There are 2 protein chains.
Amino acid sequence: MAETLTATALTLKDIAREAGVSLATVDRVLHNRPGVRPDTVRRVKEAIERNSFQPHVAAAELARGRARRFAFVMPSGPNPFMQQIEAYLGEMAAWLSARRLSVEMVATDVFDHSVLAASLEALSGDYDGVAVVALDHPGVRAAINDLVDAGTRVVTLVSDVPSSRRHHYVGIDNIAAGRAAGALVGRLVGQRSGKVAIVAGSQGLRDHAERIFGFNQVMASEFPGLDVLPVLEGRDEDDRSEQLLARLLSRQADIVGLYNVGAGTQGVAKALGDSGRDKQVVFVGHDVTALTRRLLLQGVMDAAISQNPGHEARAAVRVLLALARGEPILREQEKIRIDIVMRDNLP
Amino acid sequence: MAETLTATALTLKDIAREAGVSLATVDRVLHNRPGVRPDTVRRVKEAIERNSFQPHVAAAELARGRARRFAFVMPSGPNPFMQQIEAYLGEMAAWLSARRLSVEMVATDVFDHSVLAASLEALSGDYDGVAVVALDHPGVRAAINDLVDAGTRVVTLVSDVPSSRRHHYVGIDNIAAGRAAGALVGRLVGQRSGKVAIVAGSQGLRDHAERIFGFNQVMASEFPGLDVLPVLEGRDEDDRSEQLLARLLSRQADIVGLYNVGAGTQGVAKALGDSGRDKQVVFVGHDVTALTRRLLLQGVMDAAISQNPGHEARAAVRVLLALARGEPILREQEKIRIDIVMRDNLP
DNA sequence: GGTGTTTTGAGGTACGCAACTCATTTTGGG
DNA sequence: CCCAAAATGAGTTGCGTACCTCAAAACACC
């Protein structure tokens with residue numbers, strides 16, 4: 001009736017006895033210190049395996065003495081996303097403090113690869129871990145790899161640099177996000193056929209390109225009655241997005257769906273409203289902000305694909321901590337999920 | 001450019017000096033031990049506040065010596081939900097072990113209030129914390145309160161007993177879940193009008209009742225063209241659900257939507273399939289299991305409202321641990337969100 | 001067999017706190 | 001003002017690990 005998970009109360013001393021060696025030798029093996037014969041290493045590791053011994057994380061933290069320092073390299077400027085991340089880290093203050101962790105925010109121009117790379121290089125040696133909202137560029141990649149080589153744990157946040165040797169990526173699967181957007185547009189359009197517009201920041205941005213890819217995948221395979229128009233590149237700016245979309249709407253009468261991949265939502269909504277077709281066109285976008293919340297409530301937007309910034313902030317901290325401690329990462333826990341938000345399940 | 005959060009390196013000794021008292025007195029205040037004048041208590045607490053001192057959690061854990069024991073009281077029988085929770089707890093084995101935590105599964109008939117209450121009473125004194133999938137019944141409520149009074153931390157899991165003095169509820173907002181289901185059925189039905197069927201386990205179950213309430217709310221206010229039929233109570237059993245629904249389908253020709261509130265999904269799907277109307281009826285249900293996954297892929301189900309069992313398991317453990325340690329709970333982190341899952345964003 | 005090197009053992013200290021004892025000081029009531 | 005009770009100080013021990021030193025033992029090589 002009662003089944004117990006876990007709880008070995010073994011200590012290093014027990015492992016030493018089991019392996020027939022001294023505490024010092026176990027310590028040497030555990031921390032990859034030199035001066036132990038391969039055969040002895042094996043015996044010790046076997047003893048650890050056999051008892052599925054786990055070092056007591058509290059004792060280890062206490063013994064190590066110095067606190068751990070993490071840096072979050074984030075976009076400068078009045079970026080609402082950065083503010084949210086920072087706010088959620090602020091909510092963790094007591095949690096961090098109780099674990100003697102320090103988190104520092106480093107604002108930089110993450111869209112300028114040389115500036116970003118320089119900011120990263122400047123961190124070398126000072127931190128146990130770095131989380132970075134990274135542009136995917138060779139210079140940035142090199143800077144990340146340098147950090148990793150210097151022993152710093154690195155996680156990419158929101159936007160990945162898959163070709164680097166970063167330890168982990170904390171963010172959503174953007175292809176899946178695009179697929180979800182496609183499915184929503186297709187389903188909500190219903191029986192009607194017609195054209196579907198896409199407004200993105202730029203197809204050069206990895207996350208935007210991946211979302212568009214996923215979106216098109218679903219549209220092509222499941223909604224053949226819908227015709228996807230060429231992507232409008234609004235550079236995430238309101239004005240430009242508005243102009244491009246307004247022109248498109250005036251020329252194409254049979255637009256039934258609209259996918260806004262990035263920001264510039266204000267402009268997109270304005271163009272749609274001015275055309276007087278905001279109730280007929282199914283409009284799906286990203287992220288729950290004050291603006292998208294209002295648009296959803298007004299019925300202008302039909303759904304938003306959202307990632308939880310609080311979860312991203314906490315996951316980044318947890319992953320960095322686990323990496324620094326040499327603990328396994330709970331992959332399932334740290335995976336950032338995609339939320340579909342409609343008017344009636346607004347958080 | 002760099003802003004630091006957290007990181008006080010103060011110790012109890014510092015607080016003692018600040019407050020002008022000895023370590024022993026600080027210790028007495030911190031652990032609510034008797035024998036300290038109210039005025040002195042105030043001075044110590046002020047010193048703690050002033051420096052926003054946080055005890056080093058690692059040192060505290062190490063010093064306390066004994067491991068913490070938690071119990072999970074879950075439905076007996078081949079319940080897939082329980083199996084998932086247990087599986088996710090199993091994945092945390094290393095994490096738990098490194099913190100010297102033990103988690104024990106206690107299977108019981110959670111639908112029989114007297115059996116459940118007895119199971120809870122039997123745990124008294126043996127555990128630091130208990131997570132329980134609880135029926136909302138006076139006897140169960142009393143058993144929970146007894147545990148709380150005995151100093152055990154109690155969280156309700158999935159199904160709440162709000163009138164008890166449990167410390168926390170880990171689970172979704174079921175009214176919101178019902179609302180989301182209603183919005184999905186309404187939107188996916190589209191322009192058509194017709195009738196909507198509801199199959200539930202029982203309206204006596206709090207979570208089912210709440211879901212139905214939320215569902216009806218949305219249907220009434222936003223989709224006046226849809227007519228909700230009386231709830232079919234299938235007791236979460238496949239056979240009974242199938243029979244009830246099959247009879248309804250044969251009598252009502254204009255059913256365009258179907259909301260399956262609880263389990264019995266196999267039976268519901270069978271009835272729908274046998275009627276030959278599985279492609280015309282919008283079918284929304286709950287939870288992502290092997291079965292619902294298949295139904296979604298086949299296009300029989302259109303959407304599933306899902307709660308993440310892994311998140312629930314981990315949140316329950318984290319909350320119990322935080323409560324036991326006297327740490328604050330990260331409410332935002334432990335809140336269980338509602339996921340909308342369609343074919344194209346199946347996890 | 002002697003030499004130098006590598007490997008291992010034994011032990012200590014420190015980390016910050018919990019939990020305890022015992023002596024001493026302060027306080028309030030009569 | 002005295003005395004018992006209450007409040008406080010001073011101190012100890014131990015938790016399990018990291019990190020360090022020094023000496024002893026085992027080994028490899030010629």
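A, B, ... follow the sequence lines: proteins, then strands. Residue 1 opens every chain. In this text, all values refer to a predicted model and were calculated from it rather than measured experimentally.
Mapping B:A24 and A:L23 onto DNA chain D via the closest heavy atom, the residue that lands nearer the 5' end is B:A24. Both B:K13 and A:G20 sit near DNA chain C, but only A:G20 has its closest nucleotide nearer the 5' end.
Listed by chain and residue number, A:R99, B:R325 satisfy the salt bridge (Lys or Arg N to Asp or Glu O under 4.0 Å) test with B:E327 (two or more places apart in sequence, or in another chain). For A:S163, the side chain to side chain donor-acceptor pair (under 3.5 Å) test picks out A:R141, with sequence neighbours left out. In this structure B:R42 satisfies the side chain to side chain donor-acceptor pair (under 3.5 Å) test together with B:D39, B:E46, sequence neighbours excluded. Listed by chain and number, the residues in a side-chain contact (heavy atoms from CB on, under 4.5 Å) with B:A59 are A:L62, B:H56 (sequence neighbours excluded). Scanning for ring-ring contact (aromatic ring centres under 6.0 Å, His included) contacts around B:H113 gives B:H137, with sequence neighbours left out. Scanning for side chain to side chain donor-acceptor pair (under 3.5 Å) contacts around B:Q307 gives an empty result, with sequence neighbours left out.
Sorted by first and then second residue, the ring-ring contact (aromatic ring centres under 6.0 Å, His included) pairs with a member in residues 313-337 of chain A form an empty list; sequence neighbours excluded.
Protein atom CD of A:E61 is 10 Å distant from nucleotide atom P of D:dA18, rounded to whole Å. The distance between atom CG of B:D14 and atom P of C:dC15, rounded to the nearest whole Å, is 12 Å. Residue A:R28 contributes atom CZ, which lies 8 Å from atom C1' of C:dG9 at whole-angstrom precision. In this structure, A:D27 places its CG atom 16 Å from P of C:dT7, rounding to the nearest Å. Rounded to whole Å, atom C1' of C:dG9 lies 16 Å from atom CZ of A:R17. Whole-Å rounding puts the A:Q54 CD to D:dT17 C1' distance at 14 Å. Atom P of nucleotide D:dG9 and atom CD1 of B:I15 are separated by 15 Å, given to the nearest angstrom.
Listed pair B:T25 / D:dG9 meets the phosphate criterion, a side-chain N or O lying under 4.0 Å from OP1 or OP2.
Side chain of B:S119 to backbone of B:V115: a donor-acceptor contact under 3.5 angstrom is found.
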Taking N or O atoms only and anything under 3.5 Å, show me the protein contacts with nucleotides 14-16 of chain D, one pair per line.
{"from": "D:dC15", "atom 1": "O2", "to": "B:L62", "atom 2": "O", "distance (Å)": "3.3"}
{"from": "D:dC15", "atom 1": "O2", "to": "B:A63", "atom 2": "N", "distance (Å)": "3.4"}
{"from": "D:dG16", "atom 1": "N2", "to": "A:A59", "atom 2": "O", "distance (Å)": "3.4"}

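Considering only heavy atoms from C-beta on, A:E18 comes within 4.5 Å of A:N51 through its side chain.
Within residues 31-46 of chain B, the residues approaching DNA chain C are B:H31, B:R33, B:R37, by heavy-atom distance under 4.0 Å.
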